[in-house]
Amino acid sequence: MEGSSSNHMLKYFLILLAIFSYLNSSSASRHGPSKIAADRRFIKTSCSSTTYPTLCFNSLASHATLIQTSPKLLAHASLNVTLAMAKSTSAVMLKMSKSPGMKPREVGAMQDCLEELSDSVDELRKSIGEMGLIKASNFELTMSDIQTWVSAALTDETTCSDGFEKNTVNGKVVRAQIVKIAHMTSNALALINSYASLRG
């Protein structure tokens, strides 16, 4: 009986091992080096049509297996990485605005900028939500709303950076971050416009 039980356990183990090996090889074929390389090429080619292609590719390349070769997922990912950057910058600026030693003018500019960034975050968040609701019957209207919101976010970010003096340390730090967010938003808008044109 004991030998029979051992044989059954061995067979069971071998079957599980075979299933695992099959699933593992199947996954590897879907996300193997050649597939990932193709996905990254798609991102690089798509980013070449943006104003800041290097920033575009660098911010999205790590999401290649998620994006694959989908223009919609590419635009969606671009909005998500831009939103994450805007939120983290807002948090840093909020801390900076409360730090001692800042000039009153800098504090005022920081608070104005935080308001603009808050609006930008809301607009990017709305755009991401709408991207998830796109279907054939509402494509043009939804894409138009998204393009409007992302354009508004870009305007808010540009207005934010204009309030800082270029010759102060805090001004330089904040402007550099805001400019980066604005460039990422510009890239996201370009990828959204490209996606929209596929159905135009």
Side-chain angles (χ1 to χ4, degrees), residues 39-40 42-98 109-135 138-164 173-199:
D39 295 342
R40 287 169 67 89
F42 166 74
I43 293 172
K44 191 160 193 174
T45 301
S46 300
C47 283
S48 66
S49 65
T50 67
T51 309
Y52 310 99
T54 302
L55 176 63
C56 176
F57 179 74
N58 289 343
S59 65
L60 294 169
S62 62
H63 304 283
T65 54
L66 173 68
I67 295 166
Q68 298 178 37
T69 55
S70 166
K72 180 181 179 180
L73 292 176
L74 181 66
H76 204 285
S78 185
L79 284 171
N80 272 300
V81 296
T82 304
L83 175 62
M85 173 67 78
K87 286 167 72 175
S88 65
T89 299
S90 290
V92 170
M93 285 178 59
L94 188 59
K95 285 182 182 178
M96 284 178 68
S97 68
K98 295 176 180 178
M110 195 82 76
Q111 288 171 343
D112 290 343
C113 189
L114 278 166
E115 285 183 26
E116 297 288 351
L117 258 189
S118 177
D119 290 342
S120 177
V121 165
D122 286 341
E123 286 147 357
L124 290 170
R125 194 178 280 127
K126 283 179 187 174
S127 301
I128 290 167
E130 286 295 296
M131 284 291 289
L133 301 175
I134 290 174
K135 50 191 177 185
N138 68 5
F139 185 86
E140 288 183 14
L141 180 61
T142 305
M143 287 306 299
S144 176
D145 287 343
I146 292 168
Q147 287 165 319
T148 299
W149 283 327
V150 178
S151 294
L154 184 56
T155 300
D156 290 332
E157 292 151 9
T158 304
T159 303
C160 169
S161 69
D162 289 344
F164 288 93
V173 170
V174 173
R175 279 179 63 86
Q177 281 298 104
I178 299 300
V179 166
K180 185 174 182 180
I181 296 169
H183 288 179
M184 290 174 72
T185 304
S186 169
N187 286 342
L189 183 58
L191 296 173
I192 287 163
N193 290 340
S194 294
Y195 174 53
S197 70
L198 296 177
R199 296 287 297 271

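Every value quoted in this text rests on a predicted model; they were computed, and no experiment measured them.
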Inset, instruction - Kindly state each residue pair satisfying side-chain hydrogen bond (donor to acceptor under 3.5 Å, both in side chains) with at least one member in residues 83-96, sequence neighbours excluded. - result: T89-Q177
Legend entry - Minimum heavy-atom distance S48-P53, with the two atoms named: CA-CB, 4.1 Å
Inset, instruction - Determine whether I43 and T69 make a side-chain contact, defined as any pair of heavy atoms from C-beta on separated by less than 4.5 Å. - result: no
Legend entry - Value rounded to 0.5 Å, distance of OG in S46 from CG in L60: 9.5 Å
Inset, instruction - Look only at the side chain of S78 and the backbone of L74, and say whether a donor-acceptor pair between them is shorter than 3.5 Å. - result: no
Inset, instruction - Please check if the side chain of N58 supplies one atom and the backbone of L55 the other of a donor-acceptor pair under 3.5 Å. - result: no
Inset, instruction - Find the distance between CG (L198) and CE (M143) and round it off to the nearest 0.5 Å. - result: 9.0 Å
Inset, instruction - Kindly say whether F139 contributes a backbone atom to a donor-acceptor pair with the side chain of T142 at under 3.5 angstrom? - result: no
Inset, instruction - Could you name each residue pair satisfying ring-ring contact (aromatic ring centres under 6.0 Å, His included) that touches residues 55-81, not counting sequence neighbours? - result: none
Legend entry - Which residues share a ring pair (Phe, Tyr, Trp, His ring centres under 6.0 Å) with Y52, sequence neighbours left out: H183
Inset, instruction - Enter the distance from K98:NZ to M93:CE here, rounded to the nearest 0.5 Å. - result: 13.0 Å
Legend entry - Student check: side-chain heavy atoms of S194 and P71 closer than 4.5 Å: no
Inset, instruction - Would you check, one step at a time, whether the test side chain to side chain contact (heavy atoms under 4.5 Å, CB included) holds for L189 with T50? - result: CA-CA 9 Å; L189 183 58; T50 67; over 6 Å; no
Legend entry - Results of salt bridge (charged side-chain N to carboxylate O under 4.0 Å, His left out) for D112 - residues two or more places apart only: none
Inset, instruction - Could you go through the side chain to side chain contact (heavy atoms under 4.5 Å, CB included) check for L117 and D156 one step at a time? - result: CA-CA 7 Å; L117 258 189; D156 290 332; over 6 Å; no
Legend entry - Nearest-0.5 Å distance, CE of residue M85 to CG of residue N80: 13.5 Å
Inset, instruction - Hey, could you give me the CG/CD1 distance between L79 and I192, rounded to the nearest 0.5 Å? - result: 4.0 Å
Inset, instruction - Examine distances only and state if a side-chain atom of D119 and a backbone atom of A152 form a donor-acceptor pair shorter than 3.5 Å. - result: no
Inset, instruction - Check whether any side-chain N or O of T185 sits under 3.5 Å from a backbone N or O of I181 as a donor-acceptor pair, and report yes or no. - result: yes
Legend entry - side chain to side chain contact (heavy atoms under 4.5 Å, CB included) between I67 and D39, worked out: CA-CA 7 Å; I67 295 166; D39 295 342; over 6 Å; no
Legend entry - Side-chain donor or acceptor of S118 paired with backbone N/O of E115 under 3.5 Å: no
Inset, instruction - Measure across M184 and V81 and return the closest heavy-atom pair with its distance rounded to 0.1 Å. - result: CE-O, 3.7 Å
Inset, instruction - I would like to know whether Q68 and F42 meet side chain to side chain contact (heavy atoms under 4.5 Å, CB included); could you show each step before the answer? - result: CA-CA 8 Å; Q68 298 178 37; F42 166 74; over 6 Å; no
Legend entry - Closest approach of T159 to E116 (non-hydrogen atoms, all atoms of both residues): CG2-OE2, 3.6 Å
Inset, instruction - Mind jotting down which residue pairs meet the disulfide bond (SG atoms under 2.5 Å apart) criterion with at least one end in residues 46-87? Sequence neighbours excluded, please. - result: C47-C56
Can you list, pair by pair, the side-chain donor-acceptor contacts under 3.5 Å of residues 120-129, counting residues two or more places apart and other chains?
| unit_1 | atom_1 | unit_2 | atom_2 | d |
| --- | --- | --- | --- | --- |
| S120 | OG | E157 | OE2 | 2.6 |
| E123 | OE1 | A153 | N | 3.1 |
| S127 | OG | E123 | O | 2.8 |

